[in-house]
2 protein chains.
Amino acid sequence: MAQAQTLSRNQQIVLNIIEKAKGPLKAYSILFNVQKKGINAPQQIYRALDKLIEMGKIHKIESKNAFVACKSSDCEISKATAFSICESCEMVDEISDAKLSKYLSSFNHRKGMKFKRFNLEFFGLCKKCK
Amino acid sequence: MAQAQTLSRNQQIVLNIIEKAKGPLKAYSILFNVQKKGINAPQQIYRALDKLIEMGKIHKIESKNAFVACKSSDCEISKATAFSICESCEMVDEISDAKLSKYLSSFNHRKGMKFKRFNLEFFGLCKKCK
DNA sequence: TATCATAATGTTATAATATAACGTTTGTTA
DNA sequence: TAACAAACGTTATATTATAACATTATGATA
Ligand SMILES: [Zn+2]
Ligand SMILES: [Zn+2]
Ligand SMILES: [Zn+2]
Ligand SMILES: [Zn+2]
């Protein structure tokens, strides 16, 4: 089981910053933001990020190498993620759409591969930018 | 228009290597493979990769920072890509599924954003690895 | 053909992202 | 408390990607 609760000190610090942010954060930008708290090395950030992803507290936006807090308390183990990404501003929005998620989770490729997880990224212009 | 045909020398060299490869290739691994051909700098690789992506000849696997040749001659301008990725070996397979593609291309997020493009990555264990 | 614009090239340098490796500390539980 | 696992701190380094600038093809047009 995912032992949902206890975050370590560094994990909590990193999560707080990501949750407060308006958009996706990059690892080194997180790092610069926590140096006052005594965290000095990339490893400390990346380790926290890894654990937070494992716990489903945050997600990585692969096309941006950046991290966002999970909005849909559902994905405790994030095995079905979808995002809407504005190509102009940096806006990223997590999509929680039961139908979409069900459709993709039950999608089966002919080649005999059983999927455990997917990540979907949509790109376009957000309301503001178009 | 995409002016499908003429590839420059460097673009052709990079494309050849990616097409011959069994799996996804990383930029620097491409670089090491073409130094005998007089290409010495990352820029030359990245520039070719950028153009080839624009033309839809190759795709970037975002979760791996690696590149594969396009299999489905359809996606000349790659605005609807889907891949099946084995978490154990490095296998990546491009999924060409008209229904899936149609379903996602017509998917509309409530938030008033019109999507121009999507990228979907499925993860699991391939036939060999499971 | 001369001229102009565009795309591609070559090169050096550097930025940005991520992991290896090692020893120490802290927290859990048998 | 002893033993183990998880988290931490730290230094170094690997990997991925872009900036900047000068040069050279390529292709269209006057
Ligand atoms: Zn989520
Ligand atoms: Zn926007
Ligand atoms: Zn393709
Ligand atoms: Zn495999």
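By convention in this document, chain letters (A, B, ...) are assigned in the order of the sequence lines, proteins followed by strands, and residues within each chain are numbered from 1. The model shown is predicted, which means the values in this text are computed figures rather than measured ones.
Nearest to the side chain of B:Arg47, among D:dA20, C:dT19, C:dA13, sits D:dA20. The nucleotide whose nearest atom lies closest to any side-chain atom of B:Lys60 is, among C:dT19, D:dA17, D:dC8, D:dA17.
Relative ring orientation between B:Phe115 and B:Phe107 is described as parallel, the plane-to-plane angle staying below 30° on a 0-90° scale split at 30° and 60°.
In this structure, the CG atom of A:Asn65 is 16 Å from the P atom of D:dT15, given to the nearest Å. Spacing between atom CD1 of B:Ile45 and atom P of C:dT11 amounts to 13 Å, rounded to whole angstrom units. Between the CE atom of B:Met55 and the C1' atom of C:dA8 there is a distance of 11 Å, given to the nearest Å. Between A:Leu49 atom CG and D:dC8 atom P there is a gap of 12 Å when expressed in whole angstrom units. Going from atom CG of A:Leu31 over to atom C1' of D:dT10 covers 13 Å, rounded to whole Å. Taking atom CZ of residue B:Arg9 and atom P of nucleotide D:dT23, one finds them 21 Å apart after rounding to whole Å. In this structure, the CG atom of B:Asn10 is 9 Å from the C1' atom of C:dG10, given to the nearest Å. The interatomic distance linking A:Lys51 (NZ) with D:dA5 (C1') rounds to 10 Å, in whole Å.
The pair B:Arg117-A:Glu87 meets the salt-bridge criterion, with a side-chain N (NZ, NE, NH1 or NH2) lying under 4.0 Å from an Asp/Glu carboxylate O. In this structure, B:Asp97 does not pair ionically with B:Lys102, as no charged nitrogen and carboxylate oxygen lie closer than 4.0 Å. The pair B:Glu90-B:Lys64 meets the salt-bridge criterion, with a side-chain N (NZ, NE, NH1 or NH2) lying under 4.0 Å from an Asp/Glu carboxylate O.
Along DNA chain C, the nucleotide closest to A:Gln43 and the one closest to A:Lys26 are compared, and the more 5′ of them pairs with A:Lys26.
B:Glu94 and B:Lys71 make their closest contact through OE1-N, 2.9 Å (heavy atoms, listed as atom of the first residue, atom of the second, distance).
Phosphate contact (OP1/OP2 of D:dA25, side-chain N/O of B:Ser8, threshold under 4.0 Å): absent. At least one side-chain nitrogen or oxygen of B:Gln44 sits closer than 4.0 Å to the OP1 or OP2 atom of C:dG10. A close approach under 4.0 Å does not occur between any side-chain nitrogen or oxygen of A:Asn40 and OP1 or OP2 of D:dG9.
Contact annotation: side chain of B:Tyr28 to base of D:dA17, donor-acceptor pair present below 3.5 Å.
Residue-level contact check: A:Gln11 touches the backbone only, with heavy atoms under 4.0 Å from sugar-phosphate atoms and none from bases. Among the heavy atoms of the strands, none lies under 4.0 Å from A:Lys64.
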